[in-house]
Amino acid sequence: MTGEWNGREWQDYCVLLLQKRYAMLNAHSLQLVPDRHQGDLGIEAFAHDGIAYQCYAAEEPLSVNERYEKQRGKLTADLGKLLSNQALLATMLGSISIHRYVFIVHRHDSRKLIAHAATKAAEVRGWGLSFISDEFSIVVETADDYAVERTAIHAIPAPLIQTPVIAGGVKDEWSAQNQDLRSTARRKLSKVTSSSSKRERVLESLTSQYLQGENTLDRLRAVVPEVHRGILSTKAHREDLLVLEYLTGQDTSQAKLAEIAKDFSVLLREDYPVLTEQIATTLAWSAVADWLMRCPLDF
């Protein structure tokens with residue numbers, strides 16, 4: 001997935017991948033470590049097979065070197081927690097001996113991180129901790145190392161997330177309650193077309209697409225919550241770039257709106273294969289309508 005992540009979203013997604021892996025391998029052998037009470041002690045989860053997991057997504061955009069430095073710093077800090085919290089960890093792990101520490105990052109593009117992990121693994125082995133195996137090593141992974149699990153998570157039957165049909169009464173009620181949003185969109189559309197009748201037809205169509213998209217997102221949240229979170233993150237990231245890519249005074253034709261929608265639809269399909277072309281198109285036009293009404297997309 002190419003969309004950017006914040007720390008919590010990445011952690012939640014990694015947990016889903018791990019839960020899927022252990023559900024297929026050995027159910028009930030994965031233990032998550034909640035971080036709301038005295039932190040996560042340097043690990044997000046551990047399994048009874050002696051593997052511990054920690055997840056980290058650096059805030060983008062970053063250069064390769066900047067990303068490496070942030071990942072190196074995070075790995076160093078979290079491994080240090082194994083030493084500073086050794087008593088708590090020994091109690092929590094019991095008889096489990098950790099022989100593998102998996103550091104899951106959203107993007108891995110520096111061999112220097114592997115070298116740093118090897119150096120830190122030797123250091124950890126030298127601490128003499130009761131719950132660390134003599135064969136302790138560190139592996140750097142990404143979501144690509146969980147291709148089977150990722151496919152399983154996203155392999156939701158299409159009928160479960162079909163685009164809903166919006167009843168006319170629902171659209172009329174929403175329109176009556178959101179006249180200010182529609183007025184904002186109408187004002188911007190006046191720069192797209194001078195025909196008032198065409199402008200109203202476009203506005204009505206955008207309103208339908210917006211409501212269908214919102215209902216589709218609600219369905220996705222219930223069926224594939226990790227995809228729902230990812231789409232919202234991708235949309236927010238795309239929204240941040242709109243003001244730079246579509247400046248006032250540039251082409252404001254209806255074709256430009258279609259181009260924006262198509263580009264976003266393609267991005268959604270690339271990042272979330274579970275989406276059909278129809279659903280991705282609906283979500284894209286829904287986003288365009290939302291951006292027009294709330295002002296991220298201005299003319």
* Asked: Is the closest side-chain heavy-atom distance between Arg229 and Leu16 below 4.5 Å?
  -> yes
* List the atom of Lys188, the atom of Leu292, and the distance in Å for their closest heavy-atom pair. => NZ-O, 2.7 Å
* To do: List the steps, then state whether side-chain contact (heavy atoms from CB on, under 4.5 Å) holds for Glu239 with Arg294.
  => CA-CA 11 Å; Glu239 182 177 310; Arg294 289 192 301 104; 2.9 Å; yes
* Are Leu18 and Val148 connected, step by step, through hydrophobic side chains (Ile, Leu, Val, Met, Phe, Trp, Tyr) whose heavy atoms are closer than 4.5 Å? -> no
* Asked: Any chain of hydrophobic side-chain contacts (each under 4.5 Å) joining Leu88 to Tyr101?
  -> yes
* To do: Kindly determine whether Lys70 and Glu59 satisfy salt bridge (charged side-chain N to carboxylate O under 4.0 Å, His left out), including the steps that lead there.
  => CA-CA 9 Å; Lys70 286 183 176 294; Glu59 185 175 347; over 6 Å; no
* Between Arg186 and Glu200, is there a side-chain N and carboxylate O pair less than 4.0 Å apart? -> yes
* Structure fact -> Leu41 and Leu82 have their tightest heavy-atom pair at O-CD2, 4.0 Å
* Asked: Does the salt bridge (charged side-chain N to carboxylate O under 4.0 Å, His left out) test come out yes or no for Lys120 and Glu123, once each step is laid out?
  -> CA-CA 5 Å; Lys120 295 302 296 184; Glu123 183 180 332; 3.0 Å; yes
* Gln212 backbone acceptor or donor facing Thr216 side chain under 3.5 Å -> yes
* Donor-acceptor pair between Ser133 and Glu135 side chains, under 3.5 angstrom -> yes
* To do: Please round to the nearest 0.5 Å and tell me the distance separating atom CD of Glu44 and atom CD of Gln11.
  => 3.5 Å
* Asked: Would a 4.5 Å heavy-atom cut-off, applied to side chains only, mark Ile279 and Thr276 as touching?
  -> yes
* **Derivation of the side-chain contact (heavy atoms from CB on, under 4.5 Å) call for Val105 and Arg67** => CA-CA 10 Å; Val105 295; Arg67 188 176 303 111; over 6 Å; no
* Asked: How long is the span from the CE atom in Met293 to the CG atom in Leu206, to the nearest 0.5 Å?
  -> 8.0 Å
* **Salt bridge flag under 4.0 Å for residues Asp134 and Arg125** => no
* Can you measure from CZ (Phe46) to CD (Gln54) and round to the nearest 0.5 angstrom? => 13.0 Å
* For the pair Phe103 and Tyr56, name the ring-plane relationship: parallel under 30°, tilted 30 to 60°, perpendicular over 60°. => parallel
* Contacts of Glu69 that satisfy salt bridge (charged side-chain N to carboxylate O under 4.0 Å, His left out) - sequence neighbours left out -> none
* To do: Establish, from distance only, whether the side-chain atoms of Ser190 and Arg199 form a donor-acceptor pair under 3.5 Å.
  => no
* Asked: In Å and rounded to the nearest 0.5 Å, what is the NE2 to CG distance from His237 to Leu232?
  -> 14.5 Å
* Asked: Is the side chain of Trp10 donor-acceptor paired with the backbone N or O of Ile104 at a distance under 3.5 Å, no angle test?
  -> yes
* Structure fact -> Between Arg269 and Ala280 the two heavy atoms that sit nearest each other are CG-CB, 3.5 Å
* Are Tyr146 and Leu25 connected, step by step, through hydrophobic side chains (Ile, Leu, Val, Met, Phe, Trp, Tyr) whose heavy atoms are closer than 4.5 Å? -> no
* Single-linkage hydrophobic cluster, 4.5 Å side-chain cutoff, Ile138 and Trp127 together -> yes
* To do: Rounded to the nearest 0.5 Å, what's the gap from CG on Leu283 to CG on Leu267? Could you check?
  => 12.0 Å
* Asked: What do you reckon, are the aromatic ring centroids of Tyr210 and Trp291 less than 6.0 Å apart?
  -> no
* Can you check whether Lys256 reaches Ile260 side chain to side chain, under 4.5 Å on heavy atoms? -> yes
* Asked: Do you know which two heavy atoms are closest between Lys171 and Leu211, and how far apart they sit?
  -> CA-CD1, 3.7 Å
* To do: For the pair His108 (side chain) and Ser110 (backbone), establish whether a donor and an acceptor sit closer than 3.5 Å, ignoring hydrogens and angles.
  => yes
* Asked: Would Arg100 and Asp49 satisfy salt bridge (charged side-chain N to carboxylate O under 4.0 Å, His left out), going step by step from the backbone distance to the final call?
  -> CA-CA 9 Å; Arg100 188 73 42 79; Asp49 57 7; over 6 Å; no
* **His106 and Glu60: side chain donor to acceptor below 3.5 Å** => yes
* Candidate pair Ile98 and Leu89, rule side-chain contact (heavy atoms from CB on, under 4.5 Å), full reasoning -> CA-CA 11 Å; Ile98 301 299; Leu89 282 162; over 6 Å; no
* Asked: Taking all atoms of both residues into account, what is the closest heavy-atom pair of Arg21 and Asp145, and its distance?
  -> NH2-O, 3.0 Å
* With the side chain counted from C-beta on, respond yes when Trp174 and Leu181 share a heavy-atom pair under 4.5 Å apart, and no when they do not. => yes
* Asked: Would a distance-only check, ignoring hydrogens and angles, find a side-chain to backbone donor-acceptor pair under 3.5 Å from Asp290 to Ser286?
  -> no
* Taking the side chain as every heavy atom from C-beta outward, state whether Leu75 and Arg72 have any atom pair closer than 4.5 Å. => no
* Single-linkage hydrophobic cluster, 4.5 Å side-chain cutoff, Leu113 and Leu62 together -> no
* Asked: Is there side-chain contact between Ser175 and Thr207, with at least one heavy-atom pair below 4.5 Å?
  -> yes
* **Contact summary for Tyr13 and Ala143, nearest pair of heavy atoms** => CE2-CB, 4.2 Å
* Where do Glu204 and Arg201 land on the salt bridge (charged side-chain N to carboxylate O under 4.0 Å, His left out) test, with the steps shown first? -> CA-CA 5 Å; Glu204 291 307 312; Arg201 289 198 302 273; over 6 Å; no
* Rounded distance [0.5 Å steps], CG in Asp218 versus NE2 in His228 -> 6.5 Å
* Asked: Would you call Arg107 and Asp109 a side-chain contact if the rule is heavy atoms closer than 4.5 Å?
  -> yes
* To do: List the steps and the verdict of side-chain contact (heavy atoms from CB on, under 4.5 Å) for Gln86 and Phe131.
  => CA-CA 8 Å; Gln86 57 181 297; Phe131 51 87; 4.0 Å; yes
* **Any Phe264 side-chain heavy atom under 4.5 Å of Lys235 side chain** => yes
